[in-house]
Amino acid sequence: MIKPRGESAKPGAALIAWYDANRRDLPWRARPGESADPYAVWLSEIMLQQTTVATVKGYYAKFLARWPSLEALAAAPQDEVLAQWAGLGYYARARNLHTCARAVVADFGGRFPREEEALRLLPGVGPYTAAAIAAIAFNEPAVAVDGNVERVVARLHAIDAPPRAVKPLIREKAAALATPSRAGDFVQALMELGAVICVPRAPDCAACPLAPFCAARRESAQEKYPVREAKRAKPQRRGAIFILRRGDDVLLRRLPPRGLFGGMNAFPSTPLTEDAGAKDLLGFAPCPARWRALEEPVAHVFTHFALEATVFVAQTRAKAPPPDCRWAARRDLDKEGLPTLMRKAAIRAGLVEA
DNA sequence: AAGACGTGGTA
DNA sequence: TTACCAAGTCT
C-alpha cells in the first residue's frame, strides 16, 4: 500500500527516513557512506556529556588539532589536557579522558574495543557513552539513552514517571524503534530528533516523523513529559578568592585531583564547597599581606550551589610560593587554563582581558 | 541511591 | 530573574 506524503506505517522507519533527510553535518560525525572514527566519536561523546553541541564544537576542534590521534593524546602530559579543557566544566571528564586514552593504548594497542560491555569498563565511559560509541563507531546493536532519548520516548508513550525511575522501560521502548542494521544512524536519529524537533519547550510536532504515533501529542500534553524530578533548593554560599601579585607574576595553586576543579590551576581561595560567609575571610589567605577587597564580588552558579566570592588582591616581593603554589606569568594566565570562576576573578582584578 | 560535579544559553 | 536543561559519570 502506498502511504500519502511519504508517511511511514512504522515509527522506526519514519525516524530513520527523517534522519536520512535531515541529519546535521557535525564535525565528529561521519558523512553518509563514510566510516566513523572511534577516536573522534569517543572524544566528542565525552565532551558532549551534559554539554551543548555549540559549546563542544570549539573545544573539539582545538583538541583534534593539538592531538590528532589517540596515541598523541595518550602521550600528552595530563596538565596540558586539563589546561585545554579549562572552561568546559566537569573536569573529572578531562582526567578520565586522559586516563582512558592511556588505558586504550596500553591495554588494547590503541584500538577501542567494539563491544558495549568492554567500553563500559573504561574510565569516564558510563552506560550511555558505551552504547553510543559501540553503535556510532562500530555499528553494534547498542541502544544509547541520553536526555534526548528519554524525552522523545517519554512523550511517545506518555510515560508518567521521572525517567530515572523508569530507565529500563525507556530503554526497552527506544530499542523497539531500532533499525538493527543501522545501529549508529538509529541512535543518532533518536538523539537528533530530541535535539532539534522534540525539544523541551515548544516542540515542533508539525515536523516530527513520530507525531502520528505520539501519545503525548494525542492528549495535547507534550510539555508534561518527561515528568520532572522534584527540584532541590540551591544554597547560596560566600567565599573569597586571593590574587597575590609579585611584579609580573601571579600566585597559582594546583588543586588536589578530586572534587571541585580537581587537578586544575586556581587562585588560592576559601574551600568553595563550604560556606565561608560567617568566617573571617582573610584567615584563608595564602599568606599575610595587605589584602585589599575589590568592590564587586564575583558571582558564579554551579549545578548544586551558587557562590558569591569576594576577590582580594595584594602585592608581595620575593616570596617563596606557599605549598602547592607557584608563580605564573600574568601574560601566560590564559594558557594556564583556569576554570571559569577563576577566570572571572582574574578579569575582575584586571589581570586578563574579558 | 542520591548528591557531587561546570558552564552557558534560553525564555 | 529565576528556572530549566545540555549526547552523564562516579561514588
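So you know, we letter chains A, B, ... as the sequences are listed, proteins then strands, and number each from 1.
The aromatic rings of A/W42 and A/Y39 are tilted relative to each other, their planes meeting at an angle between 30° and 60°. Between A/F302 and A/F261, the ring planes lie tilted relative to each other; the angle falls in the 30° to 60° range.
For the pair A/K344 NZ and B/dG8 P, the computed distance is 7 Å after rounding to whole Å. For the pair A/L48 CG and B/dG8 P, the interatomic distance rounds to 16 Å; values are reported in whole Å. Whole-Å rounding puts the A/Y59 OH to B/dG6 P distance at 13 Å. The nearest whole Å value for the distance from the CE atom in A/M342 to the P atom in B/dG6 is 11 Å. Straight-line distance from the CG atom of A/N96 to the P atom of B/dC5: 15 Å, rounded to whole Å. Regarding A/N148, its CG atom lies at a distance of 7 Å from the P atom of C/dG8, rounded to whole Å. Atom CD in A/Q188 sits roughly 10 Å away from atom C1' in C/dA7 (whole-Å rounding). In this structure, A/M264 atom CE and B/dG6 atom P are separated by 9 Å, rounded to whole Å.
Of the residues in residues 250-260 of chain A, those with a non-hydrogen atom less than 4.0 angstrom from any atom of DNA chain B are A/G259, A/L260. The stretch residues 300-311 of chain A touches DNA chain B through A/H300, A/V301, A/F302, A/T303, A/H304, each having a heavy atom under 4.0 angstrom from the strand. Listed in residue order, the members of residues 128-147 of chain A having a heavy atom less than 4.0 Å from DNA chain B come to none.
An OP1 or OP2 oxygen of C/dA3 is reached within less than 4.0 angstrom by no side-chain nitrogen or oxygen of A/K231. Phosphate contact (OP1/OP2 of C/dC5, side-chain N/O of A/R228, threshold under 4.0 Å): present. At least one side-chain nitrogen or oxygen of A/R232 sits closer than 4.0 Å to the OP1 or OP2 atom of B/dG3. A/T55 has no side-chain polar atom (N or O) that falls below the 4.0 Å cut-off from OP1 or OP2 of B/dT7. Regarding contacts with the backbone of C/dG8, a side-chain N or O of A/Q50 is found under 4.0 angstrom from either OP1 or OP2. Taking only side-chain nitrogens and oxygens, A/R151 comes nearer than 4.0 Å to OP1 or OP2 of C/dA6. The side chain of A/Y90 contributes no N or O atom lying less than 4.0 Å from OP1 or OP2 of B/dA4.
When the nearest nucleotides of DNA chain C are assigned to A/P123 and A/T52 by heavy-atom distance, the more 5′-ward of the two goes with A/T52. Residues A/G126 and A/K234 both approach DNA chain C. Their nearest nucleotides, taken by heavy-atom distance, put A/K234 toward the 5′ side. The 5' end of DNA chain B is approached more closely, in terms of each residue's nearest nucleotide, by A/G89 than by the other of A/G89 and A/R201.
One cannot find a donor-acceptor pair under 3.5 Å joining the base of B/dG8 and the side-chain atoms of A/T51.
Closest heavy-atom contact between A/K10 and A/F213: C-CZ, 4.0 Å.
No side-chain N or O of A/R95 forms a donor-acceptor pair with one of A/Q78 less than 3.5 Å apart.
With a 6.0 Å cutoff to the six-membered ring centre and a 45° limit on the axis angle, A/R155 does not count as a cation-pi contact of A/Y225.
Between atom NE2 of residue A/H98 and atom CH2 of residue A/W67 there is a gap of 8.0 Å, rounded to the nearest 0.5 Å.
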